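These notes are about the structure you will find just below.
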There are 2 protein chains.
Amino acid sequence: MHAPRKQAAQPRSRATQAAIVEAAARILETSGSAGLTTNAIAARAGVSIGSLYQYFPNKEAVLAALLRTKRAELLSWMRAAVSANQEAPPEKALQALLDAGMRHQVERPRLALEAEYAGQQLHLAEETAALADEMAQLILETVRRLQPAAGLQEARDVVAIAKGIINAAALSSEAGGPGLAARVRRAVRGYLREIPSNSADSRAASSSMP
Amino acid sequence: MHAPRKQAAQPRSRATQAAIVEAAARILETSGSAGLTTNAIAARAGVSIGSLYQYFPNKEAVLAALLRTKRAELLSWMRAAVSANQEAPPEKALQALLDAGMRHQVERPRLALEAEYAGQQLHLAEETAALADEMAQLILETVRRLQPAAGLQEARDVVAIAKGIINAAALSSEAGGPGLAARVRRAVRGYLREIPSNSADSRAASSSMP
DNA sequence: GTCTATACCAAGATAGAC
DNA sequence: GTCTATCTTGGTATAGAC
């Protein structure tokens with residue numbers, strides 16, 4: 001389910017598929033999920049409705065493909081940030097991670113918002129949970145260098161805090177400049193500093209492999 | 001636009017209207033905005049589709065009424081929290097405010113999420129901005145007692161941080177127990193502590209009436 | 001493999017009986 | 001004032017021509 005109809009070995013098919021997915025993204029940005037109709041997607045992509053259904057079995061599959069693309073992109077940015085800062089001071093490593101997240105939300109803020117919501121109606125719960133876990137693990141690595149008492153829950157909270165501030169900015173159509181970045185950094189730093197050394201979630205983290 | 005068709009002076013009309021709005025809320029909770037159809041609302045409310053249109057000019061009006069109800073509720077809780085803690089120590093006052101917000105999101109987490117999103121498609125930008133402002137002002141009063149350097153932007157960030165953590169909890173269907181409350185408190189405290197005394201947003205706050 | 005035309009259906013909204 | 005029946009629209013998906 002939610003899988004492309006065929007795996008597009010040919011470069012031309014691949015391009016058409018990508019055009020359809022990108023068209024869906026553009027529509028989400030301009031009209032929200034209400035405007036995301038198969039007709040609109042096909043029109044924006046410059047193909048006919050029939051062609052769309054040659055590549056995707058239904059509307060949900062297009063949306064799922066879009067989500068997977070964006071998520072893979074974010075994850076790869078975050079991984080790059082971590083491995084580029086293995087030797088760097090932890091403050092710099094954390095900053096790089098936050099920058100990756102900001103970049104994701106700030107480049108296309110409306111899309112990030114709409115895609116996240118639209119994804120809820122899709123039955124992608126497992127994938128979503130897996131992504132959240134992977135992100136949390138990635139962040140935990142870095143965060144522990146700053147605050148050894150941090151656990152998985154704290155890592156997830158760091159994501160939630162950053163998302164909260166960035167989403168609020170997007171909703172009030174505030175630009176994502178250095179001011180926003182500074183506030184996110186302050187929020188995360190402050191939170192990490194408040195973690196008690198006997199955090200309940202350090203236990204949760206170490207018991208994650210029973 | 002988005003106004004009820006008549007103002008229901010009669011108590012029976014008032015009750016019917018409320019039933020329709022509550023039905024919409026229940027549908028949002030169980031099926032999300034995709035399931036929010038006029039037919040479904042009428043059926044849940046135990047009235048016919050014709051009756052629904054007697055009270056509301058269209059679907060959006062029902063949703064708008066729901067949003068206004070929930071927002072008014074939250075705002076009144078927050079106001080109560082502030083005035084009940086005028087004399088209390090600032091830590092307690094802040095806690096009461098956070099509790100009000102938590103109560104709003106935790107009692108009906110899915111509803112809070114769905115309503116917030118669905119409201120975006122409604123042309124209620126002015127009301128939404130006004131609400132955000134009022135909430136920020138309310139919080140600023142209390143926050144300034146803890147951190148005099150705080151400005152409007154910081155007050156808004158406090159809301160965003162709390163929302164971020166609570167929403168993430170709701171999305172992973174985590175219960176809203178004391179653990180969650182503690183994490184929100186830590187995040188907010190930590191953020192407030194990080195505010196530099198020459199914050200750019202203290203300026204923004206004082207220049208809000210030019 | 002891509003198009004046009006269309007079948008089918010669900011949802012919003014209204015008309016008119018009672 | 002509330003109901004049932006219905007009109008209308010627009011969106012998903014398919015069939016069949018080229």
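Worth knowing before you read on, the calculation uses all heavy atoms, side chains too, and leaves out hydrogens, waters and symmetry mates. Just so it is clear, the model here is predicted, and its values are computed rather than measured. Sequence lines set the chain letters: A, B, ... in the order given, protein chains first and strands last, and positions in each chain run from 1.
Rounded to whole Å, atom C1' of dT14(D) lies 18 Å from atom NZ of Lys59(A). Per the geometry, CD belonging to Glu60(B) stands 6 Å off P belonging to dA13(C), to the nearest Å. Taking atom CG of residue Asn58(B) and atom P of nucleotide dA11(C), one finds them 17 Å apart after rounding to whole Å. Following rounding to the nearest Å, Phe56(A) (CZ) and dT14(D) (C1') show an atom-to-atom distance of 18 Å. Note: CG (Leu36(B)) to P (dA11(C)) measures 11 Å, nearest angstrom. Between the P atom of dT12(D) and the CD1 atom of Ile20(A) lies a distance of 14 Å, rounded to the nearest Å. Distance CG (Asn39(B)) to P (dT6(D)): 15 Å, rounded to an integer number of Å. Rounded to whole Å, the distance from CD1 on Ile41(B) to P on dG12(C) is 7 Å.
Here the rule is salt bridge (charged side-chain N to carboxylate O under 4.0 Å, His left out) with Glu22(A), and of Arg44(A), Arg108(A), Lys70(A) only Arg108(A) fits it.
Side-chain contact of Asp133(A) with Gln137(A): a donor-acceptor pair under 3.5 Å is absent, judged by distance alone.
For Arg12(B), counting side-chain heavy atoms from C-beta on, the closest listed nucleotide (dT2(D), dT2(C), dT14(C)) is dT2(D). Considering only side-chain atoms of Thr37(A), the nucleotide from dG11(D), dT2(C), dA13(C) that sits closest is dG11(D).
Between Glu174(B) and Arg183(B) a salt bridge is recorded (basic side-chain N to carboxylate O distance below 4.0 Å). Between Lys163(A) and Glu116(A) there is a salt bridge, since a side-chain N of the basic residue sits under 4.0 Å from a carboxylate O of the acidic one. A salt bridge links Glu134(A) with Arg79(A): the distance from a Lys NZ or Arg NE/NH1/NH2 to an Asp or Glu carboxylate oxygen falls below 4.0 Å. Between Glu127(A) and Arg68(A) there is a salt bridge, since a side-chain N of the basic residue sits under 4.0 Å from a carboxylate O of the acidic one.
Shown here is Gln86(A), whose CD atom has more than 12 heavy atoms of other residues, nucleotides or ligands within 6.0 Å.
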Any N/O pairs under 3.5 Å between the protein and nucleotides 16-18 of chain D? List them or say none.
none

Between the protein and nucleotides 3-5 of chain C, list every N/O to N/O distance that falls short of 3.5 Å.
{"unit_1": "dC3(C)", "atom_1": "OP2", "unit_2": "Ser48(A)", "atom_2": "N", "d": "2.9"}
{"unit_1": "dC3(C)", "atom_1": "OP2", "unit_2": "Ser48(A)", "atom_2": "OG", "d": "2.9"}
{"unit_1": "dC3(C)", "atom_1": "OP2", "unit_2": "Ser51(A)", "atom_2": "OG", "d": "2.6"}
{"unit_1": "dC3(C)", "atom_1": "O5'", "unit_2": "Ser48(A)", "atom_2": "OG", "d": "3.4"}

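With sequence neighbours excluded, the residues forming a side chain to side chain donor-acceptor pair (under 3.5 Å) with Arg110(B) are Glu114(B), listed by chain and number.
Look at Tyr53(A) and you won't find any side-chain N or O under 4.0 angstrom from OP1 or OP2 of dA15(D).
Between Tyr117(B) and Tyr117(A), the ring-plane angle classifies as parallel under the 30° and 60° cut-offs.
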